[in-house]
Amino acid sequence: MGENRFVYMDHAATTFTKPEVVEAMLPFLKDHFGNPSSLYSIGREAKEAVETSREKIAQALGAKPDEIYFTSGGTESDNWAVKGTAFSRQKKGKHIISTPIEHHAVLYPCEYLETQGFKVTYLPVDEYGLVKPGELEAAIRDDTILISIMYANNEIGTIEPIPEIGKTAREHGIPFHTDAVQAIGNIPLDLHGKDKHIDMLSLSSHKFYGPKGVGALYIREGIEIDNYMHGGAQEKEKRAGTENVAGITGMGKAIELATANIEKHSEEIRKMRDRLRAGIQEIPDCRLNGHPEKRLPGNLNFSFEYIEGESLLLMLDQMGVCSSTGSACSSGSLDPSHVLSAIGVPPEISQGSLRLTLGDANNEDDIDYVLEVLPQVVGKLRAISPFYKPASVCEK
Ligand SMILES: *Cc1c(COP(=O)(O)O)cnc(C)c1O
């Protein structure tokens, strides 16, 4: 094998912080340490930075600045949207609709609400992970108070038909939340245009080259939602806690960079991804998980039969490649990926799954390198597998 490189192909887990973003944050970690609620000049400067960032985020999403609330990240935004809506509307009903392929930041709040007397319908998804808007229509009841369906899946990259889902929700007058953490910066969003039926939307800065520990929840004007954090009067008394000024400033810069020329940029990523995909599909006994076209531009998720994802990941790491797997151990639980299970991948096959997510850290040399090392690593692991008999070619 050639010389060892460092190849970061786990952009769905997190992204590096862009230098311009770090630069924008530094003043607020140094001299400009004021509390945005304080009235003297360094307080006012901090307040101004927070408001400028709010405007940038609103601009990037096609929202109004007043509809953007800063949080500590995607997990908090999801928890707030789901539990805040459930508790504020529980007199109207206690039924929620979601899907089995949501991120745990939506799934676990739903499961918690089930212990509090709420009922949750998890819509079935097809073999690609797509929700059928007709199934949503059929699941809606008189006591449905919230629909939460993710924009794009973090494991298999499948992009849901959000405009149609939103339209159905709006026709029934039910608030619609979407976890758009994986979508922002990868596909264009427009809350004034095609996405106009979304009522709440979660975003997380570290998934689009901003700092960790900061995110936002978009809440459409007029949507009622209980507070999640109680305390000070920040964020129009809706989300207490002194603002993460440096983080918020970095997030504003990051979303500006991530959404400028987004079509052209995601096309470049998609091209690189497709070359990698074609190369990997030459490896026998592998299959692509998720939709062949309706997927995030940087996402690949393959299952390699007769292999343990964990071993694959560790051997790739030795070769300098950062990747991710839906196999049991790495997810910290004994069950294989809930997403792969929901799309019908049998456990013995989801054990051998590998997620590669491309982004701004990658170039064509990275693709060449992965195409050089991955087949070798897969071959080595299969050579020591008692079950492997070379047979079919990859299912396209
Ligand atoms: C990463 C991620 C989250 C969690 O965001 P954090 O900011 O890390 O808390 C939620 N949903 C999806 C789809 C994600 O990919």
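Atoms within each ligand, like the ligands themselves, are counted from 1 in listed order.
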Got the closest protein heavy atom to [atom], with its distance?
atom                    : answer
atom 5 (O) of ligand 1  : Gly74 CA, 3.4 Å
atom 11 (N) of ligand 1 : Asp179 OD2, 2.6 Å
atom 3 (C) of ligand 1  : His103 NE2, 3.5 Å
atom 8 (O) of ligand 1  : His206 NE2, 2.8 Å
atom 7 (O) of ligand 1  : Ser204 OG, 2.6 Å
atom 4 (C) of ligand 1  : Thr75 OG1, 3.6 Å

Worksheet, complete the sentence: Quick note on ligand 1: atoms under 4.0 Å from a heavy atom of Gly73 include exactly 7 (O)
Got a list of side-chain donor-acceptor pairs under 3.5 Å for residues 227-234, not counting sequence neighbours?
from: Asn227; atom 1: ND2; to: Glu237; atom 2: O; distance (Å): 2.9
from: Gln234; atom 1: OE1; to: Gly241; atom 2: N; distance (Å): 3.0

Discussion item. When you measure from the centre of the six-membered ring of Tyr112, is the NZ or CZ of Lys83 closer than 6.0 Å and no more than 45° off the axis?
Written reply: yes
Worksheet entry | Cation over ring face, Arg382 and Tyr388, 6.0 Å, 45° | yes
Practice prompt. Look at the aromatic rings of His104 and Tyr108 and report parallel, tilted or perpendicular, splitting at 30° and 60°.
Written response: parallel
Response to the item:
Honestly, for Asp78 the part within reach of ligand 1 (heavy atoms, under 4.0 Å) is side chain
Worksheet item: With respect to Ser202, which candidate in Asn79, Asp179, Asp78 satisfies the side-chain hydrogen bond (donor to acceptor under 3.5 Å, both in side chains) definition?
Response: Asp78
Discussion item. Considering Glu102, Lys207, Lys212 one by one, which has a heavy atom nearer to atom 1 (C) of ligand 1 than any of the others?
Written reply: Lys207
Worksheet item: Got a salt bridge between Glu256 and Lys18, using NZ or NE/NH1/NH2 to carboxylate O under 4.0 Å?
Response: no
Practice prompt. Examine the side chains of Ser337 and Ser350 and answer whether a donor and an acceptor come within less than 3.5 Å of each other.
Written response: no
